[in-house]
Participant: 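Input: one structure, supplied below.
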There are 2 protein chains.
Amino acid sequence: MATIDDVAKLAGVSKGTVSSVFSKKRPISQPVTDRVLSVAKELGYFPNHIARSLAIKKTMIVGLKMPISKEGSTTQFEIQMLNGVIKECTKHGYRILLDTLPEHEDLTQFSSDPVDGVIMLNPRKHDQRIERFEQMRIPLVLVGRPDPLESSISYVDNDNEQLAYEVGSYLLKQGHRSILFLNASANMTVSVDRVNGLKKAYEEQGIPYDNVHVMNFDRQQHATPMDYGYMSILQMHEQIPFAAVVSDTDRVALGILRATRELGIDVPKDLSIVALSNDVRLAEEMSPKLTSVELSAETLGAEAGRILIQKMKDPSTVEQLIVDAQLIVRESTRSL
Amino acid sequence: MATIDDVAKLAGVSKGTVSSVFSKKRPISQPVTDRVLSVAKELGYFPNHIARSLAIKKTMIVGLKMPISKEGSTTQFEIQMLNGVIKECTKHGYRILLDTLPEHEDLTQFSSDPVDGVIMLNPRKHDQRIERFEQMRIPLVLVGRPDPLESSISYVDNDNEQLAYEVGSYLLKQGHRSILFLNASANMTVSVDRVNGLKKAYEEQGIPYDNVHVMNFDRQQHATPMDYGYMSILQMHEQIPFAAVVSDTDRVALGILRATRELGIDVPKDLSIVALSNDVRLAEEMSPKLTSVELSAETLGAEAGRILIQKMKDPSTVEQLIVDAQLIVRESTRSL
DNA sequence: CCAAATCATTAAAGCGGTTTAATTAAACCG
DNA sequence: CGGTTTAATTAAACCGCTTTAATGATTTGG
């Protein structure tokens, strides 16, 4: 690759001049500009992004820390989130550096990243990385609440407790008492939040919580989310009574529906299903159309991007945003 | 941020020594190593990735050029592909720089990228960028055939013509003559390839091709792929006779199924459906389970990653790989 | 017509690392 | 003990760009 020196030499100017021609930060006379440009084209010269970044301390790249388990692939939630981040960042000229390693393998614990800011998914409890970014003065926005909650850290999140509370209240109002809850993995904070929300709904209506059976997704047992839904129904429908099931995602609901068809269970006559959805379109395409809570993963991503971009402009920015979810009643639930 | 100079000064050594302590490329005595490390921790020093990249001419980052239309979001194909790329690259310590701008807005036409190699989706005819990367000596692997075909360019691709040919042959053997083909967008080369393959199947079996009706996805008309499937069936089932439909993707098939349910058409008794799938799991979860051709988008991505990594080691590497697809007969087709 | 102001250009000093060649210190050996 | 290796460390050059301060050249205006 030709460098700025080559161009400068051949064009008979200083490299400062060549730099100015490309960056247009300083006026250069027309004849000189033309000469430089033609020499550059001749040599196939392109400014080196890395050298430039080093000099101006800016890369126009946003880091996205989105751990993906070795075997598993990205979830629908992550995809939607990513989409939101991409759209928002691209709009402002930023690109995304994907970082899918789990925290403990994170290479960046040994070196800083070539990014102007970072969006980090699902921070863990007392996440070491958060203070590291703080220390390095790299603008950071979390997707998911930091734990412990810290008023100086920007984040976006759903209110998972509230969301489960709404679902619970809705089902209880419809007369459902025995609920099967196919929750997310046990080790996720979102799972805990949801259970709390559901409990709250029961307490508020003065109904004993005993009849709620909570299961957790477990990669060991269930190959896919759909499997999770399918197997759970097959397994539980003989063991315990339930007239409603709350599903982790819409893919899980797909499996639930398969099981009901095989068992001759009619939805929603015999069984009501509510999904905590992250793919509205899929929910609308099932039959019956799925009553679901839209998690707005894309909005979450876009808002994280927006806040980060603002923070990169003004590092003092702090914003903590709860994106609220909405229960959309479709065809898979009915009142008892 | 503390720099290597700060550490060197405070530890009373040269920066070359500090560099060696971190890179371990040269032995440094234990006492010195300890002193440097403790000073580094004290100052919160992390080697600067950009400066390092500039010096060693290596970033351990792979660029992924994956244009996404402004309104539309990533397709399932792209997601799967991305997944494959991520897995393969992560395995070898590379990270992904996502670049979703359409070709004509590509920023990199004005500056080189901080990447060691590039994977580029869906190259256009006579794609300017290909020679630019060549010129810059940046290893490049395409996903999708270059046009014109060039023996020096590495790429991975499906054989879309072959694939459509197989689907056509299969349907014809099952006795199907009138086929509705819900193809991809008209402007995609894959659409053309598929039609050619289908035609070939007809010709080979000496059956007139007149009874094949080809439609194309069009963002203007169809909000979602599912809409495309749904609307097309509603619209065409009165106008022309067909006992089989070939669907662009499994999401389109979802829409087709919705239409058949509404119209009281039984699948596969009254109508056979074959999908060109990029999400096997979805295909298996529908009812009836979808007969489909697995496009192996993830394999495509992983192979592209593998070839690129090899090419970054040995720039003389050239590999052109056709990932073959497989027709999996499930429940949505039957013999007439 | 000369001093002042304006404009285009340049030389050199960064940006924060790596690496080569030279230097010093320590170890070895007959 | 002097000479030779070997090991550890350093000074300085370099990676390719930006930017500041200085320098000439040109224009302006009183």
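Reminder, nothing fancy here: chain letters follow the sequence lines and each chain counts from 1.
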Participant: Is there a side-chain contact between A/Leu101 and A/Pro67, using heavy atoms and a 4.5 Å cut-off?
Facilitator: no
Participant: Please report, rounded to the nearest Å, how far the C1' atom of C/dT19 is from the CD1 atom of B/Ile4.
Facilitator: 12 Å
Participant: With a 4.5 Å heavy-atom cut-off, do B/Lys41 and B/Ser38 have their side chains touching?
Facilitator: no
Participant: Under a 4.0 Å heavy-atom cut-off, which of residues 33-45 of chain A touch DNA chain C?
Facilitator: none
Participant: Rounded to whole Å, please give me the gap between CG in B/Asp6 and C1' in C/dG16.
Facilitator: 10 Å
Participant: Please pick, from D/dG16, D/dA8, C/dT19, the nucleotide with the shortest atom-to-atom distance to any side-chain atom of B/Pro27.
Facilitator: D/dA8
Participant: With sugar-phosphate meaning primed atoms plus P, OP1 and OP2, does A/Ile56 contact a base, only sugar-phosphate, or nothing at under 4.0 Å between heavy atoms?
Facilitator: sugar-phosphate
Participant: Write out a two-atom table: protein N or O, nucleotide N or O from nucleotides 10-13 of chain D, distance below 3.5 Å.
Facilitator:
| from | atom 1 | to | atom 2 | distance (Å) |
| --- | --- | --- | --- | --- |
| D/dT10 | OP2 | B/Ser14 | N | 3.0 |
| D/dT10 | OP2 | B/Ser14 | OG | 3.4 |
| D/dT10 | OP2 | B/Thr17 | OG1 | 2.5 |

Participant: Under 4.0 Å between a Lys/Arg side-chain N and an Asp/Glu carboxylate O for A/Arg95 and B/Asp113?
Facilitator: yes
Participant: To the nearest Å, how far apart are B/Lys58 NZ and C/dG17 C1'?
Facilitator: 16 Å
Participant: Counting heavy atoms from C-beta on, name the nucleotide in D/dA8, D/dC17, C/dC15 closest to the side chain of A/Pro47.
Facilitator: D/dC17
Participant: Looking at B/Thr59, is its backbone amide N or carbonyl O close enough to the side chain of B/Asp116 to form a donor-acceptor pair, meaning the two atoms are under 3.5 Å apart?
Facilitator: yes
Participant: Looking only at the side chain of B/Thr3 (C-beta and beyond, no hydrogens), which of the listed nucleotides C/dG16, D/dA8, D/dC17 gets closest?
Facilitator: C/dG16
Participant: If I take atom NE2 in residue B/His49 and atom C1' in nucleotide C/dC15, what distance separates them, rounded to the nearest angstrom?
Facilitator: 16 Å
Participant: To the nearest Å, give me how far apart CG (A/Leu54) and P (C/dA13) are.
Facilitator: 17 Å
Participant: Could you give all pairs that pass the ring pair (Phe, Tyr, Trp, His ring centres under 6.0 Å) test and reach residues 295-320 of chain B, with sequence neighbours left out?
Facilitator: none
Participant: Please list all pairs meeting ring pair (Phe, Tyr, Trp, His ring centres under 6.0 Å) that have one or both residues in residues 9-29 of chain A, counting only residues at least two apart or in different chains.
Facilitator: A/Phe22-A/Tyr45
Participant: Do the side-chain N or O atoms of A/Ser19 get closer than 4.0 angstrom to the phosphate oxygens (OP1, OP2) of D/dT18?
Facilitator: yes
Participant: Check whether any side-chain N or O of B/Arg52 sits under 4.0 Å from OP1 or OP2 of C/dT18, and answer yes or no.
Facilitator: yes
Participant: What is the distance from CG of B/Asn48 to P of C/dC15, rounded to the nearest Å?
Facilitator: 12 Å
Participant: CG of A/Asp5 versus C1' of C/dA13: gap in Å, rounded?
Facilitator: 14 Å
Participant: For B/Val7, run the side chain to side chain contact (heavy atoms under 4.5 Å, CB included) check against B/Val21, B/Val36, B/Thr17, B/Leu37 and tell me which one passes.
Facilitator: B/Val36
Participant: To the nearest Å, how far apart are A/Met136 CE and C/dG16 C1'?
Facilitator: 14 Å
Participant: Just so I know, are the side chains of A/Met120 and A/Val141 near enough to count as touching, which here means a heavy-atom distance under 4.5 Å?
Facilitator: no
Participant: Measure the angle between the two terminal helix axes of the helix from C/dC1-D/dG30 to C/dG30-D/dC1, five base pairs each, and quote it to 10°.
Facilitator: 50°
Participant: If the cut-off is 4.0 Å, is B/Lys57 near the phosphate of D/dG16, judged by side-chain N/O to OP1 or OP2?
Facilitator: yes
Participant: Report the nucleotide, chosen from C/dT18, C/dA8, D/dT18, that has the shortest atom-to-atom distance to any side-chain atom of A/Ser29.
Facilitator: C/dA8
Participant: Sequence neighbours excluded, which residues qualify as salt bridge (charged side-chain N to carboxylate O under 4.0 Å, His left out) partners of A/Lys9?
Facilitator: none
Participant: Report the C-alpha distance between A/Lys311 and A/Glu319 in whole Å, list the side-chain angles of each, state the deciding distance to 0.1 Å, and finish with yes or no for salt bridge (Lys or Arg N to Asp or Glu O under 4.0 Å).
Facilitator: CA-CA 9 Å; A/Lys311 194 162 189 163; A/Glu319 188 171 341; over 6 Å; no
Participant: Check the pair A/Asp147, A/Arg124 against salt bridge (Lys or Arg N to Asp or Glu O under 4.0 Å), reporting the backbone distance first and the verdict last.
Facilitator: CA-CA 7 Å; A/Asp147 186 1; A/Arg124 302 193 331 170; over 6 Å; no
Participant: From B/Arg129 CZ over to B/Ile138 CD1, what is the distance, rounded to the nearest 0.5 angstrom?
Facilitator: 13.0 Å
